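Have a look at the structure below, then the notes.
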Amino acid sequence: MINDLISDGLTRIRNAAMRRLDTTKLFHSNVVEAMLKILAEKGYIESYNVVEENNKKIINVVLKYDEKGRSVINEVKRISTPGRRVYQGKDEIKRFKNGYGTVVVSTSKGVLSGIDAHKAGVGGEVLCTIW
């Protein structure tokens, strides 16, 4: 049994990118799916789709690489964990890595990127950073 599906998903993406795999499978949850939507919009992954296998939902993630075969993802880091929650207000959410990176925040308006959360004027739990 896995307690933290977000950390598990990020670790699976990181490990698959290091091994230069085309796809990887993640366990499904609504937060993980919303996070993958942000990663796809920002261009860190090619695509993802939700499939049902043996009455369990699984997310297939297609990873993205540049023209030299290197992963587009340089670093993925989980910020808020089940043992230590990290919250930031709307004024505390800043650009990450001078705009090259993305902060994923769980807000009252859903899971948003840090820039979108700042524009919407909401803060929340900082799930992860990626660049």
Side-chain angles (χ1 to χ4, degrees):
M1 183 171 138
I2 298 172
N3 290 333
D4 191 5
L5 292 175
I6 298 170
S7 290
D8 181 66
L10 293 175
T11 301
R12 286 174 186 243
I13 290 172
R14 183 184 315 112
N15 290 344
M18 283 193 303
R19 293 190 58 208
R20 290 183 170 73
L21 299 177
D22 294 331
T23 62
T24 186
K25 292 183 180 183
L26 311 180
F27 293 114
H28 181 270
S29 78
N30 291 336
V31 176
V32 172
E33 188 173 352
M35 186 180 63
L36 289 175
K37 181 181 177 197
I38 292 172
L39 296 184
E41 287 173 358
K42 299 290 183 179
Y44 293 109
I45 60 173
E46 282 288 332
S47 63
Y48 69 95
N49 61 339
V50 180
V51 253
E52 192 165 328
E53 293 180 1
N54 302 328
N55 293 333
K56 291 185 181 180
K57 287 186 179 180
I58 291 181
I59 305 174
N60 289 327
V61 179
V62 180
L63 299 175
K64 188 173 184 179
Y65 299 96
D66 63 4
E67 61 275 350
K68 294 181 180 177
R70 293 181 303 222
S71 175
V72 181
I73 299 172
N74 292 319
E75 179 184 74
V76 179
K77 188 181 273 187
R78 176 81 157 113
I79 303 299
S80 186
T81 63
R84 180 179 169 264
R85 301 290 185 189
V86 177
Y87 297 95
Q88 289 185 344
K90 64 176 183 169
D91 298 329
E92 296 172 322
I93 300 174
K94 303 290 185 204
R95 293 190 317 164
F96 179 67
K97 297 278 188 187
N98 270 343
Y100 288 109
T102 303
V103 178
V104 180
V105 184
S106 176
T107 68
S108 58
K109 296 186 178 181
V111 179
L112 302 172
S113 68
I115 295 169
D116 294 338
H118 188 72
K119 287 179 184 174
V122 293
E125 181 181 354
V126 181
L127 297 178
C128 68
T129 58
I130 184 169
W131 70 280

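Scope of the values below: all heavy atoms of this structure, side chains included, with no hydrogens, waters or symmetry mates. Here the structure is a predicted model, which means the values were calculated and not measured.
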Check your understanding: Can you name the nearest heavy-atom pair linking Tyr100 to Trp131, along with the distance?
Key -> O-CB, 4.2 Å
Check your understanding: How about Asp22: does its CG atom have over 12 heavy atoms from other parts shown lying under 6.0 Å from it?
Key -> no
Point to revise | Donor-acceptor pair, side chain of Arg14 and main chain of Val76, under 3.5 angstrom | key: yes
Review point. Is Val62 reachable from Ile73 through a run of hydrophobic residues whose side-chain heavy atoms are each under 4.5 Å from the next?
Key: no
**Study point:** Step-by-step side chain to side chain contact (heavy atoms under 4.5 Å, CB included) determination, Tyr48 to Glu33
**Key:** CA-CA 9 Å; Tyr48 69 95; Glu33 188 173 352; 3.9 Å; yes
Review point. Same cluster for Leu10 and Leu21 if Ile/Leu/Val/Met/Phe/Trp/Tyr side chains link at under 4.5 Å?
Key: no
Revision key, fill the gap. For Gly43 and Val72 the tightest heavy-atom approach is O-CG1, 3.7 Å
Check your understanding: Hey, mind stepping through Ile13 and Leu36 against side chain to side chain contact (heavy atoms under 4.5 Å, CB included) and telling me if it holds?
Key -> CA-CA 10 Å; Ile13 290 172; Leu36 289 175; 3.8 Å; yes
Point to revise | Donor-acceptor pair, side chain of Arg85 and main chain of Glu125, under 3.5 angstrom | key: no
Check your understanding: Is the backbone N or O of Tyr65 less than 3.5 Å from a side-chain atom of Arg70, with the two atoms forming a donor-acceptor pair by type?
Key -> no
Check your understanding: Roughly how far, to the nearest 0.5 Å, is the CZ atom of Arg20 from the CG atom of Leu63?
Key -> 11.5 Å
Practice item. State the CG-OG distance between Leu39 and Ser113, to the nearest 0.5 angstrom. Key: 10.5 Å
Review point. Under 3.5 Å, side chain of His118 to main-chain N/O of Lys90, donor-acceptor pair present?
Key: yes
Review point. From Ile79 CD1 over to Ile6 CD1, what is the distance, rounded to the nearest 0.5 angstrom?
Key: 12.0 Å
Review point. Minimum heavy-atom separation for Ala117 to Leu112, with atom names?
Key: CA-CD1, 3.9 Å
Review point. Is Tyr87 reachable from Val105 through a run of hydrophobic residues whose side-chain heavy atoms are each under 4.5 Å from the next?
Key: no
**Study point:** ILVMFWY cluster, Leu5 and Val31 together (side-chain gap under 4.5 Å)
**Key:** yes
Review point. Side chain to side chain contact (heavy atoms under 4.5 Å, CB included) between Arg78 and Leu127: does it pass, once the steps are laid out?
Key: CA-CA 6 Å; Arg78 176 81 157 113; Leu127 297 178; 3.9 Å; yes
Point to revise | Heavy-atom pair of closest approach, residues Ile93 and Gly114 | key: CG2-O, 3.5 Å
Check your understanding: Does CZ belonging to Arg19 count more than 12 external heavy atoms closer than 6.0 Å?
Key -> no
Practice item. Please tell me if the side chains of Leu26 and Asp8 come closer than 4.5 Å, counting only heavy atoms from C-beta onward. Key: no
Study note, to complete from the structure: Heavy atoms of Glu53 and Ile58 approach each other most closely as OE1-CD1, 3.4 Å
Point to revise | Residue pair Asp4 / Pro82: nearest heavy atoms and the distance that separates them | key: OD2-CD, 3.4 Å
Check your understanding: At what distance, to the nearest 0.5 angstrom, does OG of Ser29 lie from CD1 of Ile59?
Key -> 6.5 Å
Review point. Just one of Lys57, Arg12, Lys56 clears the side chain to side chain contact (heavy atoms under 4.5 Å, CB included) bar with Phe27, so which one?
Key: Arg12
Practice item. Check the hydrophobic clustering (I, L, V, M, F, W, Y; side-chain heavy atoms under 4.5 Å; chains of links allowed) and say if Ile2 and Val32 are grouped together. Key: yes
**Study point:** Atom pair OG (Ser106) and CE (Met35), whose distance is rounded to the nearest 0.5 Å
**Key:** 11.0 Å
Check your understanding: Can you tell me how far the CD1 atom of Ile115 sits from the NZ atom of Lys42, to the nearest 0.5 Å?
Key -> 4.5 Å
